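Order of appearance sets the numbers: ligands from 1, and atoms from 1 within every ligand. In this text, all values refer to a predicted model and were calculated from it rather than measured experimentally.
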Amino acid sequence: MMACVLHIDIDAFFASVEQARNPRLMGKPVAVGSGVVASASYEARKFGLQAGMPLRKARELCPSLRIVVGHAPIYRCFSERIFAICSEYAPAVETYLDEAYCDWNGMERLYPVPEAVASEIRRRVFEETGLTITAGIGRNRMLAKMASKTVKPNGLRSVLPAEEDAFIRDLPVIRLPGVGPKTAKLLGKLNIRTIGEMRLLSEDSLRNLLGMPGLILYARCRGQDTQVISPREIPRSIRRETSFHQDTTDRETVDGVLYYLTERATNTARRLGLKARQVGVKIHYCDGLEEETTRKLTTPTQLDTEVYSFALGLFERLYVRRVALHRVGVALAGLIPDDGFRQLEIFEARGASSATEVVADPCVGLRSQRRERTLLAHIDQIRERYGYASVVCGKSLHLLGKLEQDDHGFLLRTSSLTL
Ligand code: DCP
Ligand code: CA
């Protein structure tokens, strides 16, 4: 069986974008951040700079350092362009900030030499954005990511199934996703320094040593994949809010905007592979009074209708005055990885069959929740390809004719499409 997942990671993401935008920074030590280093160019890393380091210390280490304050929306444009290129080569792409996983399962015939496809993607990314990416290919997501880590920056590495064991066995334990400095130290005390040596520990001893994560690491040190999401990729909350074009009491407009904001938030949650344990709603009356409430859901979700009906309940409780509304917002909080839902599922369900066969699939007869997941995965895909405005559903329909649209969706008075 061939290796079937491609992982890509943008090299020195924020710093490289700044260098691409300003030729005078090219080849120079650059750090992006305020207070601390968020991203350091590889030229700056030679001086020992790394993410999280206070800028004061960074300046001491590297007096010629150019420091740039971040431009998050611009970085997002670059990463989206790169992810769009990846999407041309894979039916399913999962993205996290500056990383993407392309699922090439079942595409052996189309891509007999996956390395060649990865090279083409790397070349195109460089030509079209000026950024370099590092790519790894492996049998699963974890191995693909571990492969790319070994050849940063601007590298490509493929780990064939036959090479897996040799590849993973001699790496230090810290290279295994989920092993941080604390765990590495703990294992070091037991004289366990490589991933291969970790396999000497039984499932029980790993659990006794590390608790539940020990069980996950038991699988990982054997090259078995589990969902890999690092805490930094999980935002504290996903908020979407906007002012109305005019202060309003019109319930159709308010419901429509609330639904639309919910959709935008849940779409982001799904893109990040997250679900929310809490939902919040915020309103601003036109006389300046603000109200906000956040409540816990009984079951975490990232489905539009579930979040919307909950948010609507909160809204009705909050909106008690006979005063027009100026602004409204929805927030997803208490975010956790959603292991049960991946866009990949939809492709597995579809396989090589046609859309009509999906309907005949017994899975589709399952609960409506599962149907909504499937439907949303399709809608997310269509929107990714043809723009957000290509599908308008639910109460957002109330906004048709009321708000203008472009490819990215309805034109809100206050853009709120940040994380
Ligand atoms: N980031 C941040 N704060 C951190 C770590 C990262 O703001 N503590 C941001 C800035 C990075 C981006 O996330 O550019 C991607 O993080 P990476 O860890 O992938 O770092 P880079 O892309 O900068 O470097 P590289 O991937 O080449 O190691
Ligand atoms: Ca990166």
So the atoms of ligand 1 within less than 4.0 Å of a heavy atom of Asp9 turn out to be 19 (O), 26 (O)
At under 4.0 Å between heavy atoms, what of Val32 touches ligand 1? The answer is neither
Margin query: With heavy-atom distances below 4.5 Å as the criterion, would you say the side chains of Leu131 and Phe126 are in contact?
Written below: no
Taking 3.0 Å as the strict upper bound, the Ca ion (ligand 2) has protein N, O or S neighbours numbering 3
The answer for which part of Lys152 has a heavy atom under 4.0 Å from ligand 1 is side chain
| Any N/O pair Asp11/ligand 1 closer than 3.5 Å | no
| Taking the side chain as C-beta and beyond, is there a heavy-atom pair between Ile8 and Ile82 under 4.5 Å? | yes
Here the salt bridge (Lys or Arg N to Asp or Glu O under 4.0 Å) pairs for residues 56-68, sequence neighbours left out, are none
Contacts of Phe47 meeting side-chain contact (heavy atoms from CB on, under 4.5 Å) (sequence neighbours excluded), chain-then-number -> Pro29, Leu49, Cys62
Contact (N/O only, under 3.5 Å) between Ala15 and ligand 1 = no
The single option from Glu99, Arg141, Glu94 that satisfies side-chain hydrogen bond (donor to acceptor under 3.5 Å, both in side chains) with His7 is Glu99
Check: Any donor-acceptor pair under 3.5 Å linking the side chain of Ser205 with the backbone of Leu201?
Finding: no
With a cutoff of 4.0 Å, is Tyr42 in contact with ligand 1, counting heavy atoms of the residue only?
yes
**Prompt:** Quick one: does Thr301's side chain have a donor or acceptor within less than 3.5 Å of a partner on Leu303's backbone?
**Reply:** yes
Quick look: Val36 vs ligand 1, heavy-atom contacts under 4.0 Å, and the answer is neither
So for Arg45 against ligand 1, with non-hydrogen atoms under 4.0 Å, the contacting part is side chain
**Message:** Does Glu128 form a salt bridge (Lys or Arg N to Asp or Glu O under 4.0 Å) with Arg81? I'd like the steps, not just the answer.
**Reply:** CA-CA 9 Å; Glu128 294 173 35; Arg81 179 79 200 99; 2.4 Å; yes
Can you check whether Phe14 has an N/O within less than 3.5 Å of an N/O in ligand 1? yes
Judged by heavy atoms only, the candidate from Asp98, Ile10, Leu131 nearest atom 19 (O) of ligand 1 is Asp98
Worksheet item: Is Val37 in polar range of ligand 1, meaning some N or O pair under 3.5 Å apart?
Response: no
- Taking the inter-plane angle between the rings of Tyr101 and Tyr96 on a 0 to 90° scale, is it parallel (under 30°), tilted (30 to 60°) or perpendicular (over 60°)? perpendicular
Next on the checklist: Looking at ligand 1, is there an atom of it that comes within less than 4.0 Å of some heavy atom belonging to Pro153?
Outcome noted: no
From the list Asp11, Thr150, Asp9, side-chain hydrogen bond (donor to acceptor under 3.5 Å, both in side chains) partner of Thr134 resolves to Asp11
*Please test Val330 against Arg239 for side-chain contact (heavy atoms from CB on, under 4.5 Å), starting from the C-alpha separation and ending with a verdict.*
CA-CA 6 Å; Val330 174; Arg239 295 174 173 273; over 6 Å; no
Check: So is Phe13 polar-close to ligand 1, meaning N/O to N/O under 3.5 Å?
Finding: yes
Contacts of Thr299 meeting side-chain contact (heavy atoms from CB on, under 4.5 Å) (sequence neighbours excluded), chain-then-number -> none
